[in-house]
Trainee: 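Supplied in structure tokens, the structure appears directly below.
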Amino acid sequence: MSIYQKKSICPYDCPSACGLLITTDGKRVLKVDGDPEHPASLGVLCRKMRRYEEDVHSPERILTPLKRTGPKGSGAFAPISWEEAVSRITDRWQTLIRTYGPETIAYCYYSGVMSSIQRHCCEALFHRMGACELVKTLCSSAKGAGYVSVVGNTGCLDPRELKDSDLYLVWGSQMIATRLPALKTLTNGKKSEKKIIQIEVYGEPMAGYCDETILIRPGADGALALAMMQVLVQEGLADEAYLRENGNGYDEFRKTLPPCTPEWAEPITGVPAETIRRLARLYGNAKAPAIILGSGNSRHRNGGMTVRLITILSLFTGAWKHPGGGLCGAAPFSGSYIDNTRIQRPDFRKTPARRININQLASALNETPLRSLYVCGANPANSVSDQKAILKGLAREDLFTVVHERFLTDTARFADIILPASFSVEQSDCYTAYGYCTLAAAPKIIDPPKEARSNWDTVKLLAAGMGYEDAYFKRTEEEMLERILKKETPASACLSDADRDMLIKGAAFSMPCSDRRTFHTENGRFFFINPTLEEAVPRYLPFEEELPLRLVSVPSACTLNTVFQFNGRLEPENGPLTLILNPEDAAERDIREGDRILAYNDLAEVEFYAHISPRIAKGAAASVGTRGISQSLNGLTANALHHARLSDLGEATTMNDNGIEVRRVHLPQP
Ligand SMILES: Nc1nc2c(c(=O)[nH]1)N[C@H]1C(S)=C(S)[C@@H](COP(=O)(O)OP(=O)(O)OC[C@H]3O[C@@H](n4cnc5c(=O)[nH]c(N)nc54)[C@H](O)[C@@H]3O)O[C@H]1N2
Ligand SMILES: Nc1nc2c(c(=O)[nH]1)N[C@H]1C(S)=C(S)[C@@H](COP(=O)(O)OP(=O)(O)OC[C@H]3O[C@@H](n4cnc5c(=O)[nH]c(N)nc54)[C@H](O)[C@@H]3O)O[C@H]1N2
Ligand code: SF4
Ligand SMILES: [Mo]
């Protein structure tokens, strides 16, 4: 039996979409290494993916279609054939459509698999059906909308340029967990004395990589950006000629700055005025400072505004003129290498239907008009706000739920029918990265085990069961890939035919970043003042104080959303559900390290163990990693404390914008 290596791509929701080298005998994955030839990851492989083969061949995988045999949520299922599963599903959908109309059916997909075809293909089926339409804003759409409202479709700082920056502000990004390859570029820079400063709510994991940690109260970053700009103007460090020449409304915006002094910002942000002044000077005196912007501070009710202000700050000293200067991590550059609408097929929809924002799935699931839900590449019971209401909705006997999954997740437990899903190495697809300029393809390496099927093959079967004759639903996975990469990808025009042939066989290409030397807006200038917005003039939007502590979610290096919950190796490293508190906040409540505590608000009560750290901002509480209900202490996780409210721009999640109070749990003595 011959053993050989094939190139693949990490399928998970991570900015770098790292390259993988898969060692296989053609039947099984034997080993996984980082691909040193991958243009972004350069051989880096995070600890989560180092033994991917154990996940691919996990004994816990679902390998046949299943039908529910016990109460919803109980996890009792019995195997059925694909034929039976498809006819049960499509019979029910046809009856619902005939009796109540197609808007009684909804789907939910998000970021389980980030390759283009497998991720987006189920949408074509539901557009064709006329089902409710999903608004997919669970992650960073407030960040995108805030950025675009300032600079339009101008590309942001290409991470390949970070080597040329002379100062790094890591602003709300837990890079050690989420941007490992980019962190490597920064720390190489550190050897040449370039300062790395993090502006964080919870600075513990990144502290060792940074020269300074500035702790900030959640949701207050807009005030910090304004105060920095006030200092820059006052001390002559703003590049005013550049701002007047390239921006719309600089003088009007400038007039709003005088009251925004560091002393004004101190009580809002919790950052001492002197620290703000020093940070502004350091930033203003750098030639090519880079702000690496994560998504944490955009997941607030004022998140779009915060990102607007930080984007304006990134322009304020003229940094964008220099290689390495500007804002990294925000621009929608990668989506354009592939035209996703060729996969999602919005043209299949004949009339507009009810739109369901994924963040508000909880209320939608509890409304009777909804009678069926299809989940694929998502785990809403564990990833969406208002978990108690999500679980209540999923438990509805009259909600016919189908989940296409690899494992018995918290969501799959509530399914009427579970369909077995394949892993990335068992399907063919192409990938872009949302944090790098790469385009890659990864053909299937091994066959799926037993009855497992890819998302595309499942969508095809369901479309056939519905009687849809469209040629689109008859294409093979390989035909889909060939079309997407060879015919329907306008923005990758820079690739030659030979490049495309190579790509399809399994390769990753470094692509051009969208141009950021000219502003891609109507009049070629960026917007200080944006008259199309309700808040035309940017300002700090204060947040509402409900309860004294503000809960934020922090990714951990051993979790990635919910996808590694079935990985026996990583799970013990995560330990029990923990809530991180500042020593002063803990002392005020008589809470000590390791105490069992209850976090609560109007939505729910969730139990955690307390971890007390001086590296979290006073007034904040952090929950680390997205943990499963089976790992929880009282049947709920942090998501039960998240309201379904949306951000000011981008209809996005506000999961970092929730007030809570915390108290010690008095356990009965044994
Ligand atoms: N508490 C808390 N909640 C959060 C976050 C947080 O940090 N903390 N983060 C938020 C963010 S930023 C995001 S993007 C969302 C993510 O939210 P989701 O997308 O709902 O969560 P994932 O864990 O990515 O769910 C992916 C599921 O897809 C399955 N899957 C993987 N590959 C495939 C495949 O090829 N086919 C099929 N059918 N299934 C597959 C996996 O087994 C997994 O169960 O969560 C949000 N929710
Ligand atoms: N290992 C690992 N990798 C991941 C993920 C994961 O869960 N684990 N998730 C993936 C996903 S879905 C995404 S979207 C990306 C996200 O990657 P990034 O966009 O780079 O963002 P995060 O690393 O999630 O960092 C968010 C940080 O914001 C901080 N924060 C929260 N509120 C505020 C605030 O108001 N102000 C400031 N200054 N900071 C705040 C949090 O403490 C957290 O450290 O990472 C992806 N990669
Ligand atoms: S860092 Fe992210 S993209 Fe890279 S291997 Fe790990 S999970 Fe995958
Ligand atoms: Mo995300």
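Remember, it's 1-based here, ligands and their atoms both numbered in the order they're listed.
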Trainee: Donor-acceptor pair, distance only, cut-off 3.5 Å: does the side chain of Asp211 make one with the backbone of Ile196?
Mentor: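 Confirmed, Asp211 side chain pairs with Ile196 backbone.
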Trainee: Can you name the atoms of ligand 2, numbered from 1 with element, that are less than 4.0 Å from a heavy atom of Pro218?
Mentor: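 Listed by number with element, the hits are 35 (O).
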Trainee: Short list, please: which atoms of ligand 3 are under 4.0 Å from a heavy atom of Cys46?
Mentor: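 Contacts of ligand 3 toward Cys46, numbered from 1: 1 (S), 5 (S), 6 (Fe), 7 (S).
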Trainee: So Tyr434 and Asp13, do their side chains get closer than 4.5 Å, heavy atoms only?
Mentor: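 Yes, close enough: below the 4.5 Å cut-off.
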Trainee: Closer than 4.0 Å to some heavy atom of Asn297 - which atoms of ligand 2 meet that?
Mentor: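 Answer, ordered by atom number: 33 (C), 34 (C), 35 (O), 36 (N), 37 (C).
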Trainee: Identify, by atom number and element, the atoms of ligand 2 in contact range of Gly294, meaning under 4.0 Å from any of its heavy atoms.
Mentor: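 Counting from 1, the qualifying ligand atoms are 18 (P), 19 (O), 20 (O), 21 (O).
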Trainee: Among all protein heavy atoms, pick out the one at the shortest distance from atom 4 (C) of ligand 2; state its residue, atom name and that distance to 0.1 Å.
Mentor: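 Among all protein heavy atoms, the one nearest atom 4 (C) of ligand 2 is Thr178 CG2, 3.3 Å.
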Trainee: Do the side chain of Gln631 and the main chain of Gly628 share a donor and acceptor less than 3.5 angstrom apart?
Mentor: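 Indeed, once roles are kept as given, a pair shorter than 3.5 Å links the two residues.
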Trainee: Counting both backbone and side chain atoms, is some N or O of Ile199 under 3.5 Å from an N or O of ligand 2?
Mentor: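 Looking only at distances, the answer is yes, because the N/O contact criterion of under 3.5 Å is met.
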Trainee: Have a look at ligand 3 and work out which part of Leu560, if any, has a heavy atom under 4.0 Å from it: side chain, backbone, both or neither.
Mentor: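 It is the side chain that touches ligand 3; the backbone stays farther off.
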Trainee: For atom 3 (S) of ligand 3, what is the nearest protein heavy atom, given as residue, atom name and distance?
Mentor: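 It is Cys14 CB, 3.3 Å.
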Trainee: List every atom of ligand 2 that sits less than 4.0 Å from any heavy atom of Val554, numbering the atoms from 1 in the order shown and giving each element.
Mentor: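 Selected atoms, number and element: 42 (O), 44 (O).
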Trainee: For ligand 2, is there an N or O atom under 3.5 Å from any N or O atom of Gly219?
Mentor: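 In this structure, Gly219 places an N or O atom under 3.5 Å from an N or O of ligand 2.
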Trainee: Can you find a pair of side-chain heavy atoms, one from Pro443 and one from Gln427, that are under 4.5 Å apart?
Mentor: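 Counting from C-beta outward, Pro443 and Gln427 never come under 4.5 Å.
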Trainee: Quick one: does any side-chain atom of Thr654 pair with a main-chain N or O of Ser647 as donor and acceptor, under 3.5 Å?
Mentor: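 Absent.
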Trainee: What is the closest protein heavy atom to atom 8 (Fe) of ligand 3, and at what distance does it sit?
Mentor: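 Residue, atom and distance for the closest contact: Cys10 SG, 2.3 Å.
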Trainee: If only atom types and distance count, is the side chain of Lys136 paired as donor or acceptor with the main-chain N or O of Ser111 below 3.5 Å?
Mentor: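 Side chain of Lys136 to backbone of Ser111: no pair is present.
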Trainee: Rounded to the nearest 0.5 Å, what separation is found between the CG atom of Leu649 and the NZ atom of Lys143?
Mentor: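 Between Leu649 CG and Lys143 NZ, I get 14.5 Å after rounding to 0.5 Å.
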Trainee: Under 4.0 Å from any heavy atom of Ser295, which atoms of ligand 2 are there?
Mentor: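 In order of numbering, the contacting atoms are 18 (P), 19 (O), 21 (O).
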Trainee: For Arg299, counting its heavy atoms only, list the atoms of ligand 2 lying under 4.0 Å from any of them.
Mentor: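 Here the atoms of ligand 2 in question are 14 (S).
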Trainee: Considering non-hydrogen atoms of the protein only, which is the closest contact for atom 24 (O) of ligand 2, and what is the distance?
Mentor: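 Checked against all protein heavy atoms, atom 24 (O) of ligand 2 sits closest to Pro555 CG, 3.2 Å.
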Trainee: Atoms of ligand 3 less than 4.0 Å from Met49 heavy atoms?
Mentor: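 Ligand 3 atoms under the 4.0 Å threshold to Met49: 5 (S), 8 (Fe).
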Trainee: Ignoring angles and geometry beyond distance, decide whether Ser553 reaches within less than 3.5 Å of ligand 2 through its nitrogen or oxygen atoms.
Mentor: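 So ligand 2 has no N or O lying under 3.5 Å from an N or O of Ser553.
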Trainee: Would you say ligand 2 has an N or O under 3.5 Å from any N or O of Val552?
Mentor: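 By distance alone, the answer is no.
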Trainee: Can you name the closest pair of heavy atoms from Asn379 and Asp410 and give their distance?
Mentor: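 That would be OD1-N, 3.9 Å.
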Trainee: Identify the closest protein heavy atom to atom 14 (S) of ligand 2: which residue and atom is it, and at what distance?
Mentor: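 Residue, atom and distance for the closest contact: Cys139 SG, 2.9 Å.
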Trainee: Could you pull out the closest heavy-atom pair between Leu560 and Cys14, with the gap in Å?
Mentor: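 Answer, listing the atom of Leu560 first, then Cys14: CD1-SG, 4.0 Å.
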Trainee: Between Tyr110 and Leu138, is there a donor-acceptor pair closer than 3.5 Å when you use the side chain of the first and the backbone of the second?
Mentor: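 Yes; judged by distance alone, with no hydrogens or angles, the pair exists.
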Trainee: Who's the nearest protein heavy-atom neighbour of atom 38 (N) of ligand 2, and how far?
Mentor: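 Answer, as residue, atom name and distance: Asp221 OD2, 2.7 Å.
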Trainee: Using 30° and 60° as the class boundaries, would you call the ring planes of Tyr52 and Phe423 parallel, tilted or perpendicular?
Mentor: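 Correct class here is tilted.
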Trainee: Short question: side chain of Arg51, backbone of Val32 - any donor-acceptor pair under 3.5 Å?
Mentor: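 Looks like no, no N/O pair under 3.5 Å.
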Trainee: If you take all heavy atoms of Pro583 and Ile612, which pair is closest and at what distance?
Mentor: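 Shortest heavy-atom separation between Pro583 and Ile612 comes out as CA-CG2, 3.6 Å.
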Trainee: Between Asn561 and ligand 2, which part of the residue brings a heavy atom under 4.0 Å of the ligand: side chain, backbone, both or neither?
Mentor: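 Looking at Asn561 and ligand 2, atoms from backbone and side chain both fall under 4.0 Å.
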Trainee: Give me the nearest non-hydrogen protein atom to atom 12 (S) of ligand 2 as residue plus atom name, then the distance to 0.1 Å.
Mentor: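 For atom 12 (S) of ligand 2, the nearest protein heavy atom is Asp13 OD2, 3.0 Å.
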Trainee: For atom 8 (Fe) of ligand 3, does an N/O/S atom of Cys18 lie at less than 2.8 Å?
Mentor: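 So Cys18 does not count as coordinating atom 8 (Fe) of ligand 3.
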Trainee: Is the backbone of Glu584 close enough, under 3.5 Å, to the side chain of Asn582 for a donor and an acceptor to pair up by distance?
Mentor: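 Confirmed, Asn582 side chain pairs with Glu584 backbone.
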Trainee: Specify the protein heavy atom at minimum distance from atom 40 (C) of ligand 2: its residue, its atom name, and the distance to 0.1 Å.
Mentor: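 Nearest protein contact, heavy atoms only, for atom 40 (C) of ligand 2 is Val201 CG2, 3.6 Å.
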Trainee: Looking only at protein heavy atoms, identify the closest one to atom 13 (C) of ligand 2 and say how far it is in Å.
Mentor: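 For atom 13 (C) of ligand 2, the nearest protein heavy atom comes out as Tyr434 OH, 3.4 Å.
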Trainee: Do His300 and ligand 2 have an N or O pair less than 3.5 Å apart?
Mentor: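 It does: an N or O of His300 is found under 3.5 Å from an N or O of ligand 2.
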Trainee: Assess Arg179 against Tyr436: is NZ or CZ under 6.0 Å from the centre of the six-membered ring, and within 45 degrees of the ring's axis?
Mentor: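 The answer is no; the distance or angle limit is not met.
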Trainee: Should one rank Gln198, Arg47, Glu200 by closest heavy-atom distance to atom 41 (C) of ligand 2, which comes out on top?
Mentor: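 Among Gln198, Arg47, Glu200, the closest heavy atom to atom 41 (C) of ligand 2 comes from Glu200.
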Trainee: Can you tell me if Tyr202 uses its side chain to pair, donor with acceptor, with the backbone of Leu581 under 3.5 Å?
Mentor: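 Such a contact is absent between Tyr202 side chain and Leu581 backbone.
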Trainee: Identify the protein heavy atom lying closest to atom 39 (N) of ligand 2, giving its residue, its atom name and the separation to 0.1 Å.
Mentor: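 It is Gly172 CA, 3.6 Å.
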Trainee: For ligand 2, which atoms, with element, lie under 4.0 Å from some heavy atom of Arg179?
Mentor: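 What qualifies from ligand 2 is 18 (P), 19 (O), 20 (O).
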Trainee: Quick one: which ligand 2 atoms are inside 4.0 Å of a heavy atom on Thr559?
Mentor: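 Every atom of ligand 2 under 4.0 Å from some heavy atom of Thr559: 1 (N), 2 (C), 6 (C), 7 (O), 8 (N).
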